[in-house]
Amino acid sequence: MSLIELSEQEIQRRESLQKLRDLGIDPYPAALFPVNSSAKEIKNDFEDGKHVCIAGRMMSQRVMGKASFAELQDASGRIQIYINRDEICPDEDKTLYNEIFKKLLDLGDFIGVEGKVFKTQVGEISIHVTKLILLAKALRPLPLPKIDVEGRIHDAFTDAEMRSRQRYVDLVVNPHVKDTFVKRSKTISSMRRFFDGFDYLEVETPILQAIPGGAAARPFITHHNALDIPLYLRIANEMYLKRLIVGGFEGVYEFAKDFRNEGMDRTHNPEFTMLEIYVSYKDYNWMMDFTEKMIEKVAHDVCGSTEIEVGGNKISLKAPYKRISMRDAILEFTGKDINGKSETELKEICKELGIETDSSMGKGKLIDEIFGEKCEAHFIQPTFITDYPIEMSPLCKKHRDNPELTERFELMINGKEIANAYSELNDPIDQRERFEEQMSLSQKGDDEAMFIDQDFLRALEYGMPPTSGMGIGIDRLVMLLTNNISIQEVLFFPQMRPETKTAKIELNDSEKIIFETMKELKELQLFQLKEKFEMSNKVWDTSIKTLTKHNLIKVTKELEELWVRLS
RNA sequence: GAUUCCGUAGCUCAGCUGGUAGAGCAAUACACUUUUAAUGUAUGGGCCCUGGGUUCGAAUCCCAGCGGGAUCACCA
């Protein structure tokens, strides 16, 4: 990389790096630094005069002659340090303070300090530094948001694209972002503890699958060289977990990365995390009790309360939650009863409600549309929607009272689906018929062909105990718990279009032509050179400027004449 | 995919009906021994997203493209 591509500040930092080396200081020392405290700990357990040793990034610096204040940021937060010239440099040589601390250290550098805890005259807990060491130099300047006396943030690093692409920077300068990801981690560990309390087994199942099943979504495809077969990245892990239930485990769960090759927006990322859990000898009623208890606990562990505020809505996650059948939900919000209606009658209802339909939609899809359009958004407080039409739920057991319905529920919170659960279908013959029905439905539309997983059916034929299963989109749950409307905010590294890096030193065509010509002619007047090419003024001007900037040519004014020369 | 808004200094943003760029913070230099958005003085820093057009002249107006945000559509 040539220096020409670097910004002024980056060049300065590289120069500082070299000066440090010249002074015999290793800017990237290898030895461990004996940290024995943290910013948070020092502030929380203030002990005047306590000797501490901590490390972190220097995030601000206020030099006042022979004394300075700086802020050090570690994983726990920030703490102020006080540095006095004559204390860190007791001898004649004041280089450490005057040169190294004041000039060669930059904001963002990792430093380690040793000293005593004290309170300044204004009452801020600080460290009175006796020893200072550089731990790692930063060559790029960080964006530096500042907080004023009234708590307002200035110059915040807010560009959503840059924040996602350079999450490391986002995490350094935006503390609330870090908090979101801490909550994400707590969400998962809280759920894990809840499941482990029941002695359910955490398992791992294949991500590379020969038949991508368990959901209707377009998969990513890849190829296995040795076997010479296509393999798919899983869209769900449901059918593998059920095989484990067949195998005799009575409670299994997996936090699974699933992959769906579909559109990306603020609620969809190509890879996302799904929790699926399956428990033998239970049904969906039991699973509702289980789910609401779990959500209540998670809210408590993560937010410290079951009362949360999301997008202006106050939501109580305290169990139990309201339960309403899909039929009653639609009845309540549209006045229409879908019970026992034919496909034609349902289409008529859609028409009356102003919902567009097309020929590929079966009964299940039509009902789903009505619910999605007219009901879903109303369920702000946690609500279980139960008993979905059979067409929508090919892996779910028929309802014990009504063969048109299934024993399925979805948990709606803040108008969004958070969980989805079944009394799992364990009748292998029924399951085969449903798969075949699904095949014909997908052929009705022009969707990709669905595969029938014969091995899964074989497993069911050996017998699967009655089982209830539940899935939760972890990303969406975290969005809810952290009051984020965008999935990108709860993923460390959301999928992005690749950065198009334009190597700035690379010349475009017009610049190349001018440069080639100049290589031959060595020097001539500016207007003579211009006449040699047919270029718009703009192209001419920017090309000349680019070449000058890169120090390839020089333009000089001599006696009112502009001369161009090769540098 | 549709509509719409946006792209200017390391960061956040001004820049009017066209006249070759401004502020604050950050950077550089000097002063200052308990400050706290430290302060004061001075200095440097721009492919104004890319390409084309209109014009004597474009950051500004027009067209196309690229990138991003928002809304909608799609999405078990």
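Throughout, a chain's letter reflects where its sequence line sits, starting with A, and its residues are numbered from 1.
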Taken to the nearest whole Å, CD/A:Glu369 to P/B:A73 is 10 Å
Contact string for nucleotides 30-37 of chain B, one letter per nucleotide 5' to 3', B = base within protein heavy-atom range under 4.0 Å, S = sugar-phosphate only, - = neither, reads S-BBBBBB
Inset, instruction - Between B:C72 and B:C61, how far apart are the P atoms? Round to whole Å, please. - result: 29 Å
When rounded to whole Å, the OH to P distance for the pair A:Tyr388 and B:A76 reads 13 Å
Ranking B:G68, B:A76, B:U28 by distance to the side chain of A:Ala215, first place goes to B:A76
Answer for the Watson-Crick or wobble partner of B:C48, both distances under 3.5 Å, is none
Taken to the nearest whole Å, NZ/A:Lys416 to P/B:C75 is 18 Å
ask   = Side-chain contact, heavy-atom cut-off 4.5 Å: A:Lys242 with A:Glu424?
value = yes
| said: Taking atom NZ as the centre, does A:Lys43 end up with more than 12 heavy-atom neighbours from other residues, nucleotides or ligands that are less than 6.0 angstrom away? | reply: yes
Mate of B:C72 across any strand shown (Watson-Crick or G-U wobble, both atom pairs under 3.5 Å) is B:G1
For B:A14, the nucleotide meeting Watson-Crick or G-U wobble distances (both under 3.5 Å) is none
Separation of the P atoms in B:A21 and B:A59, to the nearest angstrom: 9 Å
**Asked** Looking only at atom C1', what distance separates B:A70 and B:A9, rounded to whole Å?
**Response** 27 Å
Among B:C11, B:U12, B:C75, the one nearest any side-chain atom of A:Asp159 is B:U12
Worksheet item: At under 4.0 Å between heavy atoms, what does A:Asp265 touch on the DNA or RNA strands: base, sugar-phosphate, or nothing?
Response: base
Sorted by chain and number, sequence neighbours left out, salt bridge (charged side-chain N to carboxylate O under 4.0 Å, His left out) with A:Glu276 holds for none
When both distances are under 3.5 Å in a Watson-Crick or G-U wobble arrangement, the nucleotide paired with B:G57 is none
| Does the ring of A:Tyr422 carry A:Arg408 above it, NZ/CZ under 6.0 angstrom from centre and within 45° of its axis? | no
Between CZ of A:Arg163 and P of B:U12 the distance, given in whole Å, is 11 Å
Item to check | Ion pair check, A:Glu343 and A:Lys363, cut-off under 4.0 Å | outcome: no
Between CG of A:Leu144 and P of B:G24 the distance, given in whole Å, is 17 Å
| field | Side-chain-base donor-acceptor pair under 3.5 Å for A:Gln9 and B:A26 | value | yes
The residue, A:Ser486 or A:Ser393, whose nearest nucleotide of RNA chain B is more 5′ is A:Ser486
5'-most contact on RNA chain B (nearest-nucleotide basis), A:Leu142 vs A:Glu410, goes to A:Leu142
Taking only the P atom of each, what is the distance from B:G45 to B:C5 in whole angstrom?
37 Å
>> Heavy atoms only, 4.0 Å cut-off, all strands: where does A:Met162 land among base, sugar-phosphate and nothing?
In response: sugar-phosphate
Note: A:Arg167-A:Asp170 ion pair, threshold 4.0 Å (strictly below): yes
Q. Is A:Ser68 touching bases, backbone alone, or none of the nucleic acid, heavy atoms closer than 4.0 Å?
A. nothing
Query raised in the report: So does A:Arg266 get a side-chain nitrogen or oxygen closer than 4.0 Å to the phosphate oxygens (OP1/OP2) of B:U71?
Result: yes
On a whole-Å scale, what distance lies between the C1' atoms belonging to B:C13 and B:G7? 13 Å
**Request:** Please state the C1' separation for the pair B:G18 and B:U54 - nearest whole angstrom.
**Result:** 11 Å
note: A:Gln61, atom CD; B:A38, atom C1'; distance rounded to Å ~ 13 Å
Run the salt bridge (charged side-chain N to carboxylate O under 4.0 Å, His left out) test on A:Glu407 and A:Lys397 for me, step by step, so that the C-alpha distance in whole Å, both residues' side-chain angles and the decisive distance to 0.1 Å come before the verdict.
CA-CA 6 Å; A:Glu407 299 210 346; A:Lys397 198 176 254 191; over 6 Å; no
In whole angstroms, the gap separating C1' of B:G10 from CZ of A:Arg14 amounts to 14 Å
Separation of the C1' atoms in B:A23 and B:C32, to the nearest angstrom
26 Å
Tightest non-hydrogen contact, residues A:Met326 and A:Tyr388, listed as CE-CE2, 3.5 Å
inquiry  = I'd like the C1' distance from B:U17 over to B:U55, given in whole Å.
reply    = 16 Å
Whole-Å distance, A:Glu8 CD to B:A26 P, equals 15 Å
Partner of B:A42 under the Watson-Crick or G-U wobble criteria, both distances under 3.5 Å, comes out as B:U28
Just so I know, are the side chains of A:Pro270 and A:Met264 near enough to count as touching, which here means a heavy-atom distance under 4.5 Å?
yes
Correct closest heavy-atom pair for A:Gln431 and A:Pro394 would be NE2-O, 2.9 Å
Paired to B:A9 by Watson-Crick or G-U wobble criteria (both distances under 3.5 Å) is none
Among the nucleotides B:A26, B:G67, B:C75, whichever has the atom closest to the side chain of A:Lys365 is B:C75
